[in-house]
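Note that the numbering runs from 1 along the sequence shown for the chain. Counting starts at 1 for both ligands and their atoms, in listed order. Being a predicted model, the structure only gives us computed values, none of them experimental.
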Amino acid sequence: MSAAVSEFGLIQQYFASNQPGNLSTSLGIGDDCALLNIPHGYELAITTDTMVEGVHFLPNTDPECLAHKLLAVNLSDLASMGANPIAVTLAITLPVVDRSWLKRFSSGLFALAQQYSVDLIGGDTTSGSLTLTIQALGLVKAGQALRRSGAKVGDLIYVSGCLGDAGLGLKIAQGYQCQESAIPLQRFHKPMPRVETGLALLEIASACIDISDGLSSDLGHILDKSAVGACLDWQKIPLSSSVQDYVKTSSDWLMPLTAGDDYELCFTVAPEKIELIPESCSQIGVIEQQPGLRIKKSGKTEIIEAKGFEHFSK
Ligand code: ADP
Ligand code: MG
């Protein structure tokens with residue numbers, strides 16, 4: 001950071017002014033490390049996600065949305081394992097010091113952080129191309145975290161919420177015309193992590209993942225790690241009215257199954273536990289022995305390739 005603007009002043013003004021509120025934080029921003037108190041019998045769940053300008057977001061994206069999404073995607077990873085978020089660190093690389101940008105970024109960050117009593121406990125501030133990284137920390141009772149590897153043949157497959165709204169939101173942001181654009185755009189710019197759902201699934205779900213790259217790709221990870229296959233039922237895929245309209249007009253029925261950024265949870269449950277599943281979730285298919293992902297649609301069974309967004313694919 002240039003000497004003209006004090007790095008410490010920046011941190012103090014935009015990131016250190018909120019007092020830690022989570023009981024786990026014993027020391028927040030200001031020393032060489034933060035200190036966290038891990039209660040006896042708990043494990044610390046740790047995840048990190050980076051967003052790079054030009055790769056994950058367009059130049060001039062609203063900084064409030066950026067901060068929200070950066071935090072939301074990290075909290076979503078904690079949610080998918082049934083961990084309760086407690087704290088985050090923030091590494092931020094800035095091309096210039098733009099005070100109004102920083103103000104809006106920090107207000108977007110703290111607005112979501114406070115909803116979950118998550119403390120910003122440290123980070124790093126450097127100059128360079130705009131790059132934003134959050135590391136999120138959460139607590140989960142030892143041995144209870146939901147993993148990708150626990151799905152068994154005969155388990156039922158569920159998703160929280162609806163699929164494809166964020167994918168439609170991206171299309172709208174790129175110029176697609178659609179009557180009800182507000183919800184898809186909101187879901188694309190400001191996804192909500194399904195933290196409560198993840199916590200509610202502890203001791204119920206046999207496997208769980210958050211849908212960041214698209215259902216087919218993310219469910220594909222559960223299938224790989226659990227060494228099983230799956231068959232979905234198109235009729236049962238939960239779609240908002242906007243996405244239903246999109247599918248009808250475009251015939252692009254794969255979009256809700258392959259588009260990323262929904263940040264819903266996809267999980268599997270043994271049949272004897274399905275009564276315990278939150279009402280906001282829908283059953284969409286079943287785990288089978290035969291490897292691969294299939295979907296029943298109009299009386300036919302089709303194979304779906306587990307394709308999602310990959311950074312190093314051509
Ligand atoms: P050090 O050089 O010892 O790593 P820094 O000068 O980078 O420490 O940071 C001073 C304090 O400010 C530390 O507690 C660090 O975690 C915190 N900090 C730095 N940048 C950020 C940021 N972007 N967000 C939150 N905390 C930050
Ligand atoms: Mg130091």
Does Leu44 form a side-chain contact (heavy atoms from CB on, under 4.5 Å) with Ile86? I'd like the steps, not just the answer. CA-CA 10 Å; Leu44 192 59; Ile86 54 170; 4.2 Å; yes
Given that the side chain starts at C-beta and the backbone is N, CA, C, O, which of these parts of Asp124 lies under 4.0 Å from ligand 1, counting heavy atoms, or is it both or neither? both
Given side chains that start at C-beta, do those of Tyr263 and Met192 come closer than 4.5 Å, heavy atoms only? no
Non-neighbouring partners of Tyr158 that pass ring-ring contact (aromatic ring centres under 6.0 Å, His included), sequence neighbours left out: Phe267
Per-atom contacts of ligand 1 with Ile92, taking only distances under 4.0 Å to non-hydrogen atoms: 23 (N)
Enumerated ligand 1 atoms positioned under 4.0 Å from heavy atoms of Ile29: 12 (O), 14 (O), 17 (C), 25 (C), 26 (N)
Basic-acidic side-chain contact under 4.0 Å: Asp210, Arg194: no
Distance under 4.0 Å to a non-hydrogen atom of Asp32: what atoms of ligand 1 satisfy this? 3 (O)
Would you kindly specify which portion of Thr125 sits under 4.0 Å from ligand 1, judged on non-hydrogen atoms: side chain, backbone, both or neither? both
Lys/Arg N to Asp/Glu carboxylate O, Asp261 vs Lys69, below 4.0 Å: yes
Counting heavy atoms only, which part of Asp31 comes closer than 4.0 Å to ligand 1: side chain, backbone, both or neither? backbone
Is a salt bridge present between Lys296 and Glu302, judged by a nitrogen-to-oxygen distance below 4.0 Å? no
Checking the N or O distance criterion of under 3.5 Å, is ligand 1 in contact with Ile121? no
Gly122: numbered ligand 1 atoms lying under 4.0 Å from its heavy atoms: 16 (O), 24 (N), 25 (C), 26 (N), 27 (C)
Is any side-chain heavy atom of Arg148 closer than 4.5 Å to one of Met81? no
Ligand-side contact atoms (ligand 1) for residue partner Phe15, heavy atom cut-off under 4.0 Å: 23 (N), 24 (N), 25 (C)
So is Phe8 touching ligand 1 or not, going by heavy atoms under 4.0 Å? yes
